[in-house]
Amino acid sequence: RTLLDQLRDRAGDLIEDQIPQGIANTLWAYATLNYNPGKEQMDAWLKFILEGENSITELTAQGAACIMWSFATLGYELEDTELLYRLGDSVVDNEHNEQSLSMAAWAFAKYKCIPSDKFLCQVAHDLEDDSNHTWSPQPLVSILWSYSVLEYNPGNRVLFTMERRMNAQVGSFTNMQCSICMYAYGQLSMHGAHPMAPSNQFLAKLTERIALETDTMNNQQVSNILWAFARLRYEPTTTVIKALTKQAENILDSFSEQGLANLLWAYATLAKRPRLAMMDKMAAQVKKQLSGHTSQGLTICLWSFATLGYNPGKECLSAIIEAITEITSSSSGSEEETRLGDDEFSQIFQADMLGKVLGWEMDIGEHLFDVGGRAWREQVSEVVDSKLQRQVSERLQELGIEHAYEVCTADGMFSVDIMISIGEKDVVLEVDGPHHFTRNTQRRLGATRTRDSMLTLRGYEVIPIPFYQWAHLKGVPEAECAYLKHKLVAYKDELNWKNVDRCTEHEDNQITDGMDNHAIIE
């Protein structure tokens with residue numbers, strides 16, 4: 001450290017005599033060594049780069065990228081983005097390679113600054129250019145991560161080109177690259193990326209690679225991977241999820257508050273419940289970390305416990321509610337820490353409803369109950385139908401089956417797609433699109449299972465109409481009518497449906513409901 005300090009002082013004395021490439025090399029060395037030379041010297045270098053005659057034009061592409069990467073790595077605060085744009089353009093204007101592009105893209109992401117169209121177009125061009133560029137995993141993953149942090153959707157063509165390149169090399173991914181790749185795709189799925197980006201085939205190969213790396217993963221990597229599986233609605237193999245859960249249990253004490261919340265959310269979303277001992281450990285860890293959680297993080301933990309059908313105990317529940325109430329009423333925390341939106345209030349209210357069924361001893365208080373109930377009912381009142389839903393309704397009409405379309409339950413707590421009243425019995429048809437299922441195995445997600453359970457407890461019989469079963473009928477009206485008759489066969493006498501000539505008996509041997517309970521991770 002003493003030697004670095006001396007070198008820093010000497011470098012400061014010689015700034016005026018430096019050449020631009022020399023500054024790039026010096027900055028890169030400091031950043032690589034994780035040594036910060038201090039704001040004064042960084043300011044001086046920035047001034048030299050911006051004001052020096054031809055200083056940027058004399059840089060190589062690698063030199064310009066090194067400066068960008070070094071400033072970002074050292075956490076130097078830029079007052080404006082002029083330097084980034086000038087250096088970024090310098091990278092693509094000169095002879096560059098994948099490494100310099102990825103370093104520059106990473107710097108843009110760290111500064112939360114969208115690159116210029118010129119830079120983005122060059123990246124897209126080089127990704128598609130098979131003749132002059134051979135991309136290794138690191139720059140590919142780095143650029144993908146940059147897109148995700150910037151919430152920038154590069155378009156389907158770029159995403160599938162990147163997937164094609166990564167697919168050929170996924171067998172050599174490190175645990176860090178697996179984690180970053182999964183996290184990036186998970187983030188991009190929330191920002192307009194193609195719903196099948198990446199493809200199931202690529203995720204299957206990446207899952208195989210993850211299985212070989214779990215023993216060396218840290219808490220953030222485990223959390224990010226499981227979170228991304230859930231965000232992408234992709235069910236990993238039993239072997240992989242068991243291995244990730246085992247590693248999570250081994251290093252649970254090292255999980256951050258956000259990491260633990262993401263872990264619980266992933267299990268709840270995928271309807272994969274760890275064994276009781278692991279659930280108990282996660283509940284204890286949540287309680288231990290209460291002071292470091294945001295209100296959103298605690299809300300996620302509460303909802304996840306309820307969705308997984310787990311009772312963390314009165315003491316833990318009371319502590320969570322007390323912490324949420326204290327954080328949201330505090331004026332000293334940041335907006336991110338204290339603010340709850342309608343979605344979070346709604347989650348608390350839903351957890352309270354589920355908790356009553358699970359035997360939770362929890363009182364969320366008058367404020368959370370009132371605000372949460374209002375948020376929940378507002379969401380219930382938002383009618384969103386689909387083409388699939390309308391098709392099912394049309395076939396029911398052809399069969400002469402009277403039904404209500406998009407109607408609320410008697411207590412106003414749930415909106416159902418289709419309700420058929422049969423004597424004193426109300427039968428609910430839930431027409432479930434792709435977002436209700438894992439995309440590779442067509443298993444119902446946790447939220448969908450919870451919905452059906454709550455409706456059943458209210459006395460309704462829930463009959464799911466999964467999109468993939470309806471799609472199997474290939475739009476043939478005869479088959480669709482027969483399918484609905486098969487679903488409602490228990491009420492054949494009461495419904496007395498019309499004998500529509502074109503509705504023949506439905507051969508259902510190739511269509512199975514595939515409805516199961518929470519999978520327990522042993």
Side-chain angles (χ1 to χ4, degrees), residues 189 194-196 233 269 271 343 346 350 376-422 425-439 441-492 494-495 497-498 500 502-504 506 508 510-515:
S189 71
H194 190 282
M196 291 303 289
R233 296 184 295 103
T269 299
D343 287 344
S346 182
Q350 184 184 20
W376 175 264
R377 288 181 178 88
E378 286 178 358
Q379 289 184 350
V380 168
S381 66
E382 295 175 359
V383 177
V384 180
D385 67 351
S386 65
K387 180 180 178 181
L388 173 59
Q389 196 173 327
R390 292 190 293 273
Q391 288 174 346
V392 172
S393 178
E394 290 169 2
R395 297 295 169 256
L396 289 172
Q397 290 173 9
E398 290 186 24
L399 290 168
I401 299 175
E402 294 185 4
H403 60 280
Y405 187 84
E406 280 294 347
V407 62
C408 285
T409 54
D411 59 3
M413 290 298 182
F414 291 88
S415 175
V416 300
D417 294 339
I418 292 171
M419 186 182 296
I420 304 171
S421 295
I422 306 173
K425 184 76 173 179
D426 286 327
V427 176
V428 168
L429 300 188
E430 283 294 344
V431 185
D432 292 332
H435 65 282
H436 289 277
F437 303 90
T438 55
R439 68 188 211 180
T441 58
Q442 311 299 355
R443 286 183 70 252
R444 290 183 303 163
L445 297 174
T448 302
R449 296 165 184 269
T450 298
R451 175 206 67 192
D452 292 351
S453 296
M454 294 299 289
L455 287 171
T456 300
L457 288 167
R458 280 163 166 72
Y460 299 96
E461 179 177 348
V462 181
I463 298 179
I465 309 293
F467 78 98
Y468 57 88
Q469 290 185 1
W470 196 259
H472 182 79
L473 305 173
K474 303 184 184 302
V476 179
E478 294 86 347
E480 292 170 350
C481 286
Y483 169 82
L484 291 174
K485 289 169 68 176
H486 173 81
K487 284 285 188 178
L488 295 165
V489 69
Y491 302 101
K492 179 178 180 180
E494 294 91 336
L495 289 173
W497 52 60
K498 293 179 181 178
V500 181
R502 66 183 185 185
C503 294
T504 58
H506 179 55
D508 197 52
Q510 294 184 12
I511 300 180
T512 58
D513 288 339
M515 303 305 173

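One-based numbering along the sequence shown. The structure displayed is predicted, hence computed values, not measured ones.
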State whether the side chain of [X] and the backbone N or O of [Y] hold a donor-acceptor pair below 3.5 Å, judged by distance alone.
X      : Y      : answer
Arg233 : Pro434 : yes
Trp376 : Met413 : yes
Arg439 : Pro195 : yes

Could you grab the distance from atom CG of Leu495 to atom CD1 of Ile401, nearest 0.5 Å is fine?
5.0 Å

Write down the atom of [X], the atom of [Y], and the distance for their closest heavy-atom approach.
X      : Y      : result
Glu402 : Ile420 : O-CG2, 3.7 Å
Tyr460 : Ala410 : OH-N, 3.2 Å
His436 : Thr448 : ND1-OG1, 2.7 Å
His403 : Ser393 : NE2-OG, 2.8 Å
Glu430 : Asp417 : OE1-OD2, 3.0 Å
Glu406 : Ser415 : OE1-OG, 3.1 Å

Under a 4.0 Å N-O cut-off, is there an ion pair linking Arg444 with Asp432?
no

Hey, can you tell me if Phe467 and Phe437 have their rings parallel, tilted or perpendicular (30° and 60° cut-offs)?
tilted

Taking the side chain as everything from C-beta on, heavy atoms only, tell me whether Trp470 gets closer than 4.5 Å to Val431.
no

